[in-house]
Protein chains: 2
Amino acid sequence: MTDLPPRWRRRKDARPAEIVAAALDAFAERGFAATRLEDVAARAGISKGTLYLYFPSKEELFKAVVRQTLLPNLAEAERRLATSDMPTPEMLSEIVGALVAAAAGRMGVIPKLLIAEAGNFPDLARFYAEEVVARGMRLFARVIQRGIARGEFRAVDAVRAAPALAAPILLMALWKNALEPHAVHPIDPAGFFAAFIDIVLHGLAAETGRKG
Amino acid sequence: MTDLPPRWRRRKDARPAEIVAAALDAFAERGFAATRLEDVAARAGISKGTLYLYFPSKEELFKAVVRQTLLPNLAEAERRLATSDMPTPEMLSEIVGALVAAAAGRMGVIPKLLIAEAGNFPDLARFYAEEVVARGMRLFARVIQRGIARGEFRAVDAVRAAPALAAPILLMALWKNALEPHAVHPIDPAGFFAAFIDIVLHGLAAETGRKG
DNA sequence: GCGATAACTTACCGGCCAGTCAGTAAGTGA
DNA sequence: TCACTTACTGACTGGCCGGTAAGTTATCGC
């Protein structure tokens, strides 16, 4: 008679990742404070009580979302940093291009969340500032240095120029994940990146006999 | 005997501006959702009830904060756009420099608030996207066009390059108003801007007999 | 099958805070 | 100085939501 499918299943292993994914979606839409844990639970196909079996509080869930979304991209960036003999302009273009693309996607909501909640989660803000932003800046500075050392770039101040490479990533992350859904005029990520990298590479290029 | 100062004074004219200023501070620290109207009232030196005499709801107060903080800067930007015969590189440097400086100051919290709350205030988000972002992009595109027309810049795609000029403004606004308070490594706004504008101006400069 | 276990649900609690309103006292003007 | 207006106060409330715990049911070992 009652061979209906069970009302729920035990899936202890899969839950945490599903909850984190659901929470990322929910936070992306409404922000941390405004999303109800009941909504997160519903998106994950569970009840609120179950959520508390896996995460002790809303705050800890938030931290898990940030860490788990960020770490794969951090690892990927590190991997890319691995030695490569390609010319520095191409290398720079590849690294920044990959990050701009990632920022235009799902990962881009993380900066948005962190910026919004920095005041309420100082430890997370410091983690992000040091482990992500500062690390990224060092990476960019090293790439520029490499170009200078190899005679491909002018002798600019690499440390001060590094944020200029981070800026388009941030712009793309926030535009795609906050304003564009409400805007009339879209930005084409590929076109924007092409124009940006064109200017930067021309701007950094070693001079070959011009005014100076 | 009781010549104490009065417990409060009637200051109908001054209240709204004071409340908006207090709210901007409070929102800047904790974000919109997490700030209590009682805190805003205390900062403004009034009671919560008084606040409701001037603003019908927390949402309307938020909108007033955004509009009143933004409009003076918009007007200033428009004014700067006014005809000027200086060379385009200098003009570009002045316009972007002024905006980067403004972003590093008080006005910078507005992008932060809007980005965080875009999902919850679609009309504000659209207003900002169209009236501020899109307008700024058009301004930058026009400046680049001007440089090209006068033979000072290479023939780049002005519309696609425009966001590259907006990016450092955004970076500065969010860095100063969200992450820097929790970070160890500061960014020097002037140094950053100098490096950025150096690269961009070199990158846009008309070619004078080099490889191509 | 048949407990035993633990993954999951549901109903509930308590604190917090936006928003209200009756009352109070600063100002006004005659 | 006194009657009147109104800017302002502050105690209160109603609903919302993070968090909890008692109860229910899938699953697994025997």
Side-chain angles (χ1 to χ4, degrees), chain A residues 1-27 29-65 113 117 119-121 124, chain B residues 1-27 29-65 113 117 119-121 124:
Chain A
M1 246 310 178
T2 57
D3 55 355
L4 293 165
R7 292 208 287 129
W8 43 265
R9 285 179 200 280
R10 308 177 136 191
R11 293 174 51 245
K12 187 179 169 59
D13 300 345
R15 297 298 189 203
E18 293 175 3
I19 295 170
V20 164
L24 177 62
D25 286 352
F27 292 162
E29 280 178 22
R30 302 198 194 281
F32 173 75
T35 72
R36 283 163 294 160
L37 251 26
E38 204 123 24
D39 282 357
V40 174
R43 278 179 201 247
I46 55 170
S47 71
K48 193 171 61 166
T50 302
L51 199 156
Y52 274 89
L53 295 176
Y54 294 99
F55 298 93
S57 70
K58 194 184 183 185
E59 240 185 82
E60 288 303 317
L61 174 58
F62 181 59
K63 293 180 181 177
V65 167
L113 289 172
E117 300 295 335
N120 303 320
F121 297 93
L124 254 190
Chain B
M1 251 301 184
T2 59
D3 55 356
L4 294 165
R7 291 208 287 126
W8 44 266
R9 284 180 200 280
R10 306 177 140 193
R11 293 173 52 243
K12 188 180 169 60
D13 300 345
R15 297 298 189 203
E18 293 175 4
I19 294 170
V20 164
L24 176 62
D25 286 352
F27 291 161
E29 281 179 21
R30 300 197 195 282
F32 172 74
T35 71
R36 283 166 293 156
L37 252 25
E38 203 123 25
D39 282 357
V40 174
R43 278 179 201 247
I46 57 170
S47 72
K48 194 168 62 164
T50 301
L51 200 156
Y52 275 90
L53 295 176
Y54 294 99
F55 298 94
S57 71
K58 195 184 184 186
E59 245 186 75
E60 288 303 317
L61 173 60
F62 180 59
K63 293 179 181 177
V65 168
L113 289 171
E117 300 295 333
N120 304 320
F121 298 93
L124 253 190

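Note on naming: letters A, B, ... go to the chains in the order of the sequence lines (proteins, then strands), and numbering restarts at 1 for each one.
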Rounded to whole angstroms, how far apart are CZ on A/Arg11 and P on C/dA6? 20 Å
Can you check the B/Arg15 CZ to D/dT9 P distance for me, whole Å? 6 Å
For a quick check of understanding: with a heavy-atom distance under 4.0 Å over all strands, which category does B/Phe55 fall into, base, sugar-phosphate or nothing? nothing
If each of B/Arg9 and B/Arg36 is mapped to the nucleotide of DNA chain C with the nearest heavy atom, which maps nearer the 5' terminus, i.e. the 5' end? B/Arg36
Can you find a pair of side-chain heavy atoms, one from B/Val40 and one from B/Lys58, that are under 4.5 Å apart? no
Integer-rounded Å distance: C/dA7 P and A/Tyr52 OH: 19 Å
Whole-Å distance between C/dT20 P and B/Leu53 CG? 11 Å
Any donor-acceptor pair under 3.5 Å linking the side chain of A/Lys63 with the backbone of A/Phe121? no
Which whole-number value in Å describes the distance from A/Lys12 NZ to C/dT5 P? 16 Å
Donor-acceptor pair (no angle test) under 3.5 Å: B/Lys48 side chain, C/dA18 base: yes
Rounded distance in Å - CD1 (A/Ile46) to P (D/dA26): 17 Å
Ring-plane angle category for B/Phe27 and B/Phe62, please: parallel below 30°, perpendicular beyond 60°, tilted otherwise. perpendicular
Rounding to an integer number of Å, can you tell me how far A/Phe32 CZ sits from D/dC17 P? 14 Å
Mind calculating the distance between CG (B/Asp13) and P (D/dT6) to the nearest angstrom? 15 Å
State whether A/Tyr54 places a side-chain N or O below 4.0 Å from either non-bridging phosphate oxygen (OP1 or OP2) of C/dC8. yes
Under-4.0 Å side-chain N/O to phosphate OP1/OP2 contact, A/Thr50 with C/dT9: yes
Candidate pair B/Leu124 and B/Glu117, rule side chain to side chain contact (heavy atoms under 4.5 Å, CB included), full reasoning: CA-CA 9 Å; B/Leu124 253 190; B/Glu117 300 295 333; over 6 Å; no
A/Arg7 vs B/Leu37, nearer the 5' end of DNA chain C by closest nucleotide: A/Arg7
Pick base, sugar-phosphate or nothing for B/Arg10, based on heavy-atom distances below 4.0 Å to the nucleic acid. base
A/Lys48 side chain to A/Arg36 backbone, donor-acceptor under 3.5 Å: no
